[in-house]
Asks: 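Please read through the structure below; I'll follow up with questions.
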There are 2 protein chains.
Amino acid sequence: MSIAPRGRGSAAPSATPAGTVVPLEDEVSPSLVDFVVDAIVDGVMSGRYAQGQRLIAADLASEYNVSRAPVREALHMLAGEGVVELLANRGARIRRLSAQERIDFLEFTEAICVLGVRLATSRMSDPACRERIVRAFEPIEDAAARRHDRDFVDALYRYHIELNTLSGNQFLEFFYRRPHMRFYTTLLSDMAPGGHWDQYLLNYRLIHDMITSGDAHSAVITFTSHIRWVLRNMRLASAAAAA
Amino acid sequence: MSIAPRGRGSAAPSATPAGTVVPLEDEVSPSLVDFVVDAIVDGVMSGRYAQGQRLIAADLASEYNVSRAPVREALHMLAGEGVVELLANRGARIRRLSAQERIDFLEFTEAICVLGVRLATSRMSDPACRERIVRAFEPIEDAAARRHDRDFVDALYRYHIELNTLSGNQFLEFFYRRPHMRFYTTLLSDMAPGGHWDQYLLNYRLIHDMITSGDAHSAVITFTSHIRWVLRNMRLASAAAAA
DNA sequence: TCTGTCAATTTTGCATACAAAATTAGGCGA
DNA sequence: TCGCCTAATTTTGTATGCAAAATTGACAGA
């Protein structure tokens, strides 16, 4: 586990029994709130916190060796992001997405990412941009070779971060980089490549080729078709599971 | 101004000088955090808080007659939403969007709303759905007749809320209803209809006709063309202002 | 007049205290 | 055994205190 920075207030919360993490002055001092936010997001990504799990402020406080105040502020921040949900008088839970909501989220993401694909593709005449995209594709190949679904979905997420950054649309970049997008995207890894690793990778290679060739229209068509195919698979799997 | 509910803690914060709002037990008691969040969002919508304005926690606390704790939690929540930005050791400001960021935001919104337009249009065979959309269009006509840009943009926002709700995509609905979408959309009213009221309204009537006719493809094309036209106008106006 | 410095003031960030709501545990009757 | 009631415990929501960072303001020197 990491170590909480320490700035102001008075000191670390009083009780510091045997095995707890002692806070130390690091180089810089981001706020404890940021520290806790990052820790919780990491915990969710790594699967340490499960969907729907209740988060007890006091437990988090002692785990990260801070008081409840920054923990509660962090939880409210994450609630604003949509990563946790706050129940009146009953604290915070990691937000849980039903299969349907995850399907809906992917459909939503398609709409967002299409914009990034379209705008970034029209910048491929710049070799430096093209190079960034080419490099961002490598982890996708790597994760697919290892058949590691979590890494695969994460690599796809990072690939689209690159696209959205190159798009030149600041808002798109800002939005896609926020923790909630990473959080929700991670939740897709349960369903994403499913049993279709080969076709999935083939599709993305095609998308990548279209993007790097600078043909925005074809890139959009190819990307959209791929996501619609994934959505069909997810809906089929979901219907099968219900029956 | 409204009145803060009161639940637990101990009581209202000690000092209650002459003209301050005395908290009262209302029917229900949503948390003070929710109360403050709503109050700040309302303040931003109504223009009482300006873009970039610094929000002093202690001032808000005494204004709403609560302590700083719920105010800080509310500010963190709004920071998670992207309505305010938190600067380290320097508190909160209402988020300010540059002209370029507002243009980028509209381009982003296009991508989102296209999904709602497409999905909702395919539901127009249900008369009840169609009726809701038809009614949601009336405030648009009304605001346009009054040439009231803020109301106009707000009516457009609500119209798209209806579309996104009818879309059946729960995530789209969830996302579009969040305060930050309303907040950012409101910021567009500076630039939105600009000097093009008549064409803008004509375009939206056409979009509305396409949607209610149930022709999803045409609805998407019409909507996209309209937003691209608005984007061109905004970019021209922005370039002209820079020169 | 402008600019830089330093003390006074303001404001933030965090820890802590405590009442009320929620949860848990234990016991009692069916 | 099961369900229900009540008391003990946990947990939340809010208020408050205080040290450090940021801001303000007054003042000296250019």
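Just so we're on the same page: letters track the sequence lines, and every chain starts at 1. Reckoned from all heavy atoms, side chains included, excluding hydrogens, waters and symmetry mates. No experiment lies behind these values; they were computed from the predicted model shown.
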Asks: Any ion pair linking B:Arg135 and B:Glu131 (charged N to carboxylate O, less than 4.0 Å)?
Replies: yes
Asks: Side chain of A:Val66 only, please: which of C:dA22, D:dT14, C:dA15 is the nearest?
Replies: C:dA15
Asks: Quick check for you: among D:dT14, C:dA15, D:dA22, whose closest atom lies nearest to any side-chain atom of A:Leu32?
Replies: C:dA15
Asks: Of B:Glu73 and B:Arg68, whose nearest nucleotide on DNA chain D comes first from the 5' end?
Replies: B:Glu73
Asks: Using whole Å, report how far CG of A:Leu60 lies from P of D:dT12.
Replies: 9 Å
Asks: Take the protein atom CG of B:Leu87 and the nucleotide atom P of C:dT11, then report the distance between them rounded to whole Å.
Replies: 16 Å
Asks: Would you kindly give the CE-to-P distance between B:Met77 and D:dT14, to the nearest whole Å?
Replies: 12 Å
Asks: Looking only at the side chain of B:Arg54 (C-beta and beyond, no hydrogens), which of the listed nucleotides D:dT14, C:dT23, C:dT12 gets closest?
Replies: C:dT12
Asks: CG of B:Asp34 versus C1' of D:dT12: gap in Å, rounded?
Replies: 14 Å
Asks: How many whole angstroms separate atom CD1 of B:Ile56 from atom C1' of D:dT23?
Replies: 10 Å
Asks: Students often get this wrong, so: under 4.0 angstrom with heavy atoms, is B:Leu55 touching a base, only sugar-phosphate, or nothing?
Replies: sugar-phosphate
Asks: Let me know which of A:Phe174, A:Phe175, A:Tyr176 forms a ring pair (Phe, Tyr, Trp, His ring centres under 6.0 Å) with B:Phe108.
Replies: A:Phe175
Asks: In whole angstroms, how far is the P atom of C:dC14 from the CZ atom of A:Phe35?
Replies: 12 Å
Asks: Relative to the 5' end of DNA chain C, which residue comes earlier, B:Ala69 or B:Ala58, by the nucleotide with the nearest heavy atom?
Replies: B:Ala58
Asks: Quick check for you: among D:dA15, C:dC14, C:dA21, whose closest atom lies nearest to any side-chain atom of A:Asn89?
Replies: C:dA21
Asks: Are A:Ile161 and A:Met181 packed together at the side-chain level, in the sense that at least one heavy-atom pair is separated by less than 4.5 angstrom?
Replies: no
Asks: Under 4.0 Å between a side-chain N or O of B:Arg90 and OP1 or OP2 of D:dT23?
Replies: yes
Asks: From CD of B:Gln53 over to P of C:dT11, roughly how many Å is that when rounded to an integer?
Replies: 13 Å
Asks: Would you name the heavy atoms of A:Arg93 and A:Gly52 that are closest together and state the gap between them?
Replies: NH1-O, 3.5 Å
Asks: Is it true that B:Arg102 and B:Ser238 share a donor-acceptor pair across their side chains at a distance under 3.5 Å?
Replies: no
Asks: What nucleotide, of C:dG13, D:dA15, C:dA22, holds the atom closest to the side chain of B:Pro70?
Replies: D:dA15
Asks: What integer distance in Å separates B:Arg72:CZ from C:dT12:P?
Replies: 8 Å
